[in-house]
Amino acid sequence: MRPTLRTLFLHGGDILKSPGMQIAKENMQHGSVSVFEHSVCVALVCLWLVHRLHLKVNQRALVRGALLHDYFLYDWHTPDPAHRLHGFRHAGTALRNADRDFELNDTERDIIKKHMFPLNPAPPRFKETAVLCLADKYCALRETVLQRKKANKRK
């Protein structure tokens, strides 16, 4: 199946419409990209990767885990002692929030908990988690590098 928005809404429509994801629209992730936009991008890149690489995965778990991997629900750019070491801690916060708001399976939990590998040393347990790790790094790099290029062009 080709990666499409239809697949995204089929498996993650309830997440996309949830109150928590509305909060994610207000919080910035990288540059001018919101956590919501980043999460959607990561989910679509995950679907593209499994399509291109002909991987057999649980698409539902992959989409849901991708949408929830940064479900920490705060603006990490705001100076606050609770946001210290965000890169190391936010996966745990995202997992607690997602577990509270949604019914998760083991694959989805693994995706959320381990998406910062190798920064967080626990390796992925499922193919879906490994795909998410690659897609997340790609999207984050693209968001930060493109933002810098745009800013330099404006100067």
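Side chains are part of it too, since the values below use all heavy atoms of this structure and drop only hydrogens, waters and symmetry mates. Residue numbers start at 1 and run along the sequence shown.
- Of the inter-residue distances, the one linking Leu53 atom CG with Trp48 atom CH2 reads 7.5 Å to the nearest 0.5 angstrom.
- Across Leu8 and Leu47, no two heavy atoms sit closer than the pair N-CD1, 4.4 Å.
- Taking each heavy atom of Ile111 and Ala61 in turn, the nearest pair found is CD1-O, 3.5 Å.
- At distances below 3.5 Å, not a single donor-acceptor pair connects side-chain atoms of Asn120 with backbone N or O atoms of Lys114.
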Notebook entry, point to check: What do the steps show when you test Thr107 against Asn58 for side chain to side chain donor-acceptor pair (under 3.5 Å), and what is the final call?
Noted result: CA-CA 9 Å; Thr107 304; Asn58 179 334; 5.4 Å; no
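- Not a single donor-acceptor pair under 3.5 Å links the side chain of Asp70 to the backbone N or O of Val35.
- A side-chain donor-acceptor contact under 3.5 Å links Arg64 to the backbone of His11.
- Scanning all heavy atoms of the two residues, the minimum distance from Tyr71 to Ala98 falls at CD2-N, 3.5 Å.
- The two residues Leu16 and Leu67 have their closest heavy-atom pair at CD2-CD2, 3.9 Å.
- Formation of a donor-acceptor pair under 3.5 Å by the Lys127 side chain with backbone atoms of Lys56 is found in this model.
- Classified by interplanar angle (parallel below 30°, tilted 30° to 60°, perpendicular above 60°), the ring pair His69/His115 is perpendicular.
- No donor-acceptor pair closer than 3.5 Å links the side chain of Glu108 to the backbone N or O of Ala66.
- Taken to the nearest 0.5 Å, the CG atom of Leu119 stands 8.0 Å off from the NZ atom of Lys137.
- Annotation: Phe117, atom CZ; neighbour count of heavy atoms from other residues, nucleotides and ligands within 6.0 Å is above 12.
- In this structure a side-chain-to-backbone donor-acceptor pair under 3.5 Å is missing from Gln29 to Glu37.
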